Amino acid sequence: MTHWINGRWLPGSGTPFHKTNPVTGETLWQGNGASPPEVEAACNAARAAFPDWARRPLETRFAILERFAALMEQQRDALAQTIARETGKPRWEALTEVTAAVNKIAISLKAWHARTGEQRTLLGDDTAASLRHRPHGVLAVFGPYNFPCHLPNGQIVPALLAGNCVVFKPSELTPGSGAEMVKLWQQAGLPPGALNLVQGGSETGQALAGHPGIDGLLFTGSAATGYQLHRQLAGQPEKILALEMGGNNPLIVDQPDDIDGAVHLTIQSAFITAGQRCTCARRLLVKRGAAGDRFLERLVTVAERLRPAAWYAEPQPFMGGVISRDAAQRVMTAWRQHLARGGRPLLAPALLDEHSSLVAPGIVELTGVTGVPDEEVFGPLLGVWRYDNFDEAIALANATRYGLSAGLISPDRALFDRLLLEARAGIVNWNRPLTGAASTAPFGGMGASGNHRPGAWYMADACAWPMASLESERCPLPQQLSPGLDFSGGDDERP
């Protein structure tokens, strides 16, 4: 059974598709996508379940979320194995993803109270001003493939906590991870219809995004799909749309005082998850001079020792495969195009097996090269640009339509202060990996990276709307009337 609709597992009648292990080629999952009638059934189920779910006390909803977290912890190894086999990421990283998803439950409750809880202010004369937050109703959640558990969980949990019901469409590249997560929600006691699962590709996604029964859409994925969803929901201001998209992220290196420390940070920024994080460094900006030369030489030496391997390999690799063989070929194609434009190869990427998605990292210098596309190559490919002064570095960093993350490796705090002021990015880090983000901070960017609806700590904002009230237990006639009002002769005539 493929889809979870109104508390039942059902087969699909849409387009058939299957998922294979990107490294070994073994078939992991197969089924039919959700057809438009099945999408409608899921949206109708969520709508019918909404009044009861929204009326339940916050403590009751949170208790179910806590049971879900406990089940994820109990099934940690099995869930991590599903994630690793579908994505190609190594075991250690899949385990960290499950841990992050478990921790999201408690964090979401804190965020709900901080961002969208209730407030009450006494104004005098027995009047109080109250602020409450109300759920939207039915929210669609579109999950990405790079973190198929943690990232959609970061939207489903705040949505359910706020009292919304959800229709969840995982990436068609990670259907098994989405299904396993929903099975744990089922075991946690979530009532029928509160969460519904529809599998499928673009046809299913378009049907869900265009369904009149949803009150909003929470999306994590590529800029191309995000723009398409934005166009599809154009002219519907009554629907919340939160887009978390990609990035062509710059990392600036300026006279590091610890070369190996700087190289380690760069490796973590560019090649973790085989370069498949939206915050990964795509553009490395290195100051000209002897220090920059030494840094690049050391970076190439360390990066060429990175050998991706299967998720179960021992000793565990730093990197696994990219999400598919097609994705691996796109990395190699981007590399050849960079060379054709005049790029200077520093480290050639290598497809370890034409029948696998294992790609060793590549590094290419693009200083002075024209016509480099401002696109996110979602894989282990790093471009290098050299600069002479920090003004030039900031100009290079901001020369992108994206605006997700930016970073600086330097002992000079003054340079970081300038970057904080001048960088066009939602996440700006200093001597820390670009891929690092605090759970108590917002996560998102501007431009082609998002629509000013950041996630993580701020996802609570997208899951509820504010309601303001002025309240009093009685309504007496005031002692001082407004000019032009005459209440004489009434039952409560004043002496």
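In this text, all values refer to a predicted model and were calculated from it rather than measured experimentally.
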So which heavy atom on [X] is nearest to which on [Y], and how close?
X	Y	result
S357	S324	CB-O, 3.5 Å
F219	L217	CB-CD2, 3.6 Å
Y402	S449	CB-OG, 3.5 Å
S405	P250	O-CD, 3.2 Å
R386	L396	O-CD1, 4.3 Å
E172	K169	OE1-NZ, 3.6 Å

For the backbone of [Y] and the side chain of [X], can you confirm whether one donor and one acceptor N or O come within less than 3.5 Å of each other?
X	Y	value
Q316	W92	yes
D254	V286	no
E86	S177	yes
W457	F443	no
N398	E422	yes
T204	A34	yes
H452	M446	no
W335	L381	no
R294	G289	no
R283	A397	yes

Set of residues satisfying salt bridge (Lys or Arg N to Asp or Glu O under 4.0 Å) with respect to E97, sequence neighbours excluded | K89
Heavy-atom check, side chain of [X] versus side chain of [Y], under 4.5 Å:
X	Y	value
N196	V198	no
L382	F271	yes
R325	Q329	no
H211	V167	no
T273	E93	yes
C278	L404	yes
L190	L160	yes
L161	L58	yes

For [X], I'd like to know if atom [atom1] has over 12 heavy atoms of other residues, nucleotides or ligands within 6.0 Å.
X	atom1	result
Q119	CD	no
H264	NE2	no
R288	CZ	yes

Return yes if a side-chain donor-acceptor contact under 3.5 Å exists between [X] and [Y], otherwise no.
X	Y	answer
T301	R298	no
T15	E203	yes
S222	E376	no

Would you call the rings of W29 and F17 parallel, tilted or perpendicular, where under 30° means parallel and over 60° means perpendicular?
-> tilted
Hey, what do you get for [atom1] ([X]) to [atom2] ([Y]), rounding to the nearest 0.5 Å?
X	Y	atom1	atom2	answer
Q268	L251	CD	CG	12.0 Å
L419	I252	CG	CD1	5.0 Å
T225	Q206	OG1	CD	9.5 Å
L408	W430	CG	CH2	8.0 Å
I214	N164	CD1	CG	12.0 Å
T174	M181	OG1	CE	9.0 Å

Could E180 and R85 be called an ion pair, given the rule that one side-chain N must be under 4.0 Å from one carboxylate O?
-> no
So does R282 pair up with D374, basic N to acidic O under 4.0 Å?
-> no
Run the salt bridge (charged side-chain N to carboxylate O under 4.0 Å, His left out) check on D417 and R413 step by step: do they pass?
-> CA-CA 6 Å; D417 288 338; R413 170 74 200 207; 2.9 Å; yes
Stepwise side-chain contact (heavy atoms from CB on, under 4.5 Å) check, L243 with Y227 = CA-CA 9 Å; L243 302 174; Y227 274 92; over 6 Å; no
Verdict with reasoning, C280 to L434, per side-chain contact (heavy atoms from CB on, under 4.5 Å) | CA-CA 6 Å; C280 274; L434 285 195; over 6 Å; no
When you look at L218 and E244, which way does the side-chain contact (heavy atoms from CB on, under 4.5 Å) test go after all the steps?
-> CA-CA 8 Å; L218 312 177; E244 199 283 284; over 6 Å; no
Quick one: do V98 and L95 satisfy side-chain contact (heavy atoms from CB on, under 4.5 Å)? Show the steps, please.
-> CA-CA 5 Å; V98 177; L95 287 168; 5.7 Å; no
Would you mind listing every side chain to side chain donor-acceptor pair (under 3.5 Å) that reaches into residues 139-159, with sequence neighbours excluded?
-> Q155-T220
